[in-house]
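Below: one structure, written as structure tokens.
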Amino acid sequence: LPQLLVARHVADRSPDQIFKGEAVAGDAFAVGLLLLFSTFGQLVMARIVANDGTRGQTLGTELRVALLRLPAAIATLFILVILFLFASFLPAALAFLAGGGNAGAILAVLLCGVWLAARLGIVLPLVATDQPEPLSAIAAAWRLTRGRALRIAGMLATLFLGFLLLVIGIGGLGAAAGLISTMATGTAVEGWSLGRWLFELFNTAASAAVGTFYTAFLTVLAQTLGNRPPASA
């Protein structure tokens with residue numbers, strides 16, 4: 001629902017029109033609300049997956065625990081962003097100076113992001129379960145993924161490819177819905193038609209499903225790595 005509301009708030013503005021002019025406050029509030037709900041949902045899902053259910057606890061109890069860990073999760077995400085900026089700056093600068101230009105710098109940033117995702121992707125499930133402190137969760141994730149970054153990156157790439165194909169499929173359905181709506185009315189519908197609402201609803205539902213699966217995957221991965229001795233390199 002928050003993602004659907006953000007999509008409606010942004011409407012058909014291009015990316016360069018977001019956070020501009022009088023819309024800055026509204027855009028920041030919408031994105032912040034989406035970030036809070038998304039992080040909270042990931043914490044709840046991680047706890048349920050890790051416990052294979054609620055283990056006799058009520059869902060309200062799990063929601064309360066996840067809510068108490070939400071500030072730590074937000075702090076963790078902030079630290080991860082800072083780490084990404086520091087880690088990607090030098091490779092991007094070197095790629096640019098070596099003659100790669102902007103394309104080389106962007107590629108270096110992407111590779112750095114993939115590497116960090118492989119090493120620190122399990123941080124949020126750790127915050128939700130065993131490591132409620134941001135720094136200890138980051139340290140634990142770094143230790144557990146040592147020597148396994150390439151395999152984890154391969155699994156994440158497979159998940160991303162599946163998500164990309166899903167997005168393309170939903171985009172095709174949305175275009176078809178718009179075409180049918182235009183043919184039925186004889187003119188292009190201004191604003192959000194029923195077909196557009198259905199398209200955005202399916203899109204956000206698919207994103208929520210993929211996000212849920214992704215969180216569950218990372219949680220199981222964290223549990224599996226936690227039950228194995230760290231790799232030597």
Side-chain angles (χ1 to χ4, degrees), residues 2-3 28-91 109 111-153 155-156 159-160 207-208 210-233:
Q3 185 176 340
F29 177 78
V31 173
L33 185 66
L34 177 60
L35 176 63
L36 287 175
F37 272 91
S38 175
T39 305
F40 177 69
Q42 291 180 64
L43 292 175
V44 174
M45 178 55 60
R47 290 188 58 81
I48 292 176
V49 171
N51 293 327
D52 194 20
T54 60
R55 289 191 178 179
Q57 300 291 332
T58 63
L59 181 59
T61 300
E62 295 296 337
L63 293 174
R64 183 169 63 253
V65 174
L67 184 62
L68 292 175
R69 298 197 180 188
L70 182 59
I74 296 296
T76 302
L77 294 177
F78 178 77
I79 295 173
L80 292 179
V81 171
I82 299 299
L83 289 176
F84 169 72
L85 293 177
F86 275 104
S88 61
F89 175 77
L90 183 59
V109 170
L111 291 176
C112 185
V114 171
W115 181 71
L116 283 179
R119 294 300 306 270
L120 299 175
I122 62 173
V123 166
L124 206 58
L126 291 177
V127 172
T129 54
D130 302 327
Q131 303 287 343
E133 296 296 328
L135 294 180
S136 62
I138 292 174
W142 192 266
R143 182 182 68 256
L144 292 174
T145 57
R146 184 182 299 118
R148 302 185 175 103
L150 288 179
R151 282 176 288 178
I152 296 174
M155 290 186 288
L156 294 180
L159 290 177
F160 175 78
S207 297
V210 171
T212 300
F213 179 82
Y214 181 70
T215 301
F217 168 78
L218 291 178
T219 304
V220 174
L221 178 62
Q223 288 183 303
T224 302
L225 295 176
N227 294 328
R228 295 179 180 176
S232 57

For residues 28-40, dump all side-chain donor-acceptor pairs below 3.5 Å to protein atoms at least two apart in sequence or in another chain.
| residue | atom | partner | partner atom | Å |
| --- | --- | --- | --- | --- |
| S38 | OG | Q42 | NE2 | 3.3 |
| T39 | OG1 | L35 | O | 2.8 |

Which atom pairs, one a donor and one an acceptor, fall under 3.5 Å between side chains of residues 113-130 and the rest of the protein, sequence neighbours left out?
| residue | atom | partner | partner atom | Å |
| --- | --- | --- | --- | --- |
| R119 | NE | T145 | OG1 | 2.9 |
| R119 | NH2 | W142 | O | 2.5 |
| T129 | OG1 | P125 | O | 2.7 |

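Of the possible polar contacts, none joining the R69 side chain to the V65 backbone as a donor-acceptor pair under 3.5 Å is found. A donor-acceptor pair under 3.5 Å is absent between the side-chain atoms of Q131 and the main chain of I138, judged by distance alone.
Taking CG from L77 and CZ from F84, the interatomic distance works out to 14.0 Å, rounded to the nearest 0.5 Å.
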Q: Decide side-chain contact (heavy atoms from CB on, under 4.5 Å) for L156 and L218; before the verdict, give the C-alpha distance in whole Å, the side-chain angles of both, and the deciding distance to 0.1 Å.
A: CA-CA 10 Å; L156 294 180; L218 291 178; 4.2 Å; yes
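Within the structure, the ring-ring contact (aromatic ring centres under 6.0 Å, His included) test picks out no pair touching residues 118-137 (sequence neighbours left out). For the salt bridge (charged side-chain N to carboxylate O under 4.0 Å, His left out) condition, the pairs that include at least one residue of residues 35-48, sequence neighbours left out, are R47-E62.
Closest of all the heavy-atom pairs between L221 and M155 is CD1-CE, 4.3 Å. Scanning both residues, A66 and V44, for their nearest heavy atoms gives CB-CG2, 3.5 Å.
You'll find the side chain of L43 reaches within 4.5 Å of the side chain of L70, heavy atoms only. I48 places a side-chain heavy atom less than 4.5 Å from the side chain of L59.
Not counting sequence neighbours, L150 has no partner by the side chain to side chain contact (heavy atoms under 4.5 Å, CB included) test. When the side chain to side chain contact (heavy atoms under 4.5 Å, CB included) test is applied to T212, the partners found at least two apart in sequence or on another chain are M45. Listed by chain and residue number, A72, A75, T76, I79 satisfy the side chain to side chain contact (heavy atoms under 4.5 Å, CB included) test with P134 (two or more places apart in sequence, or in another chain).
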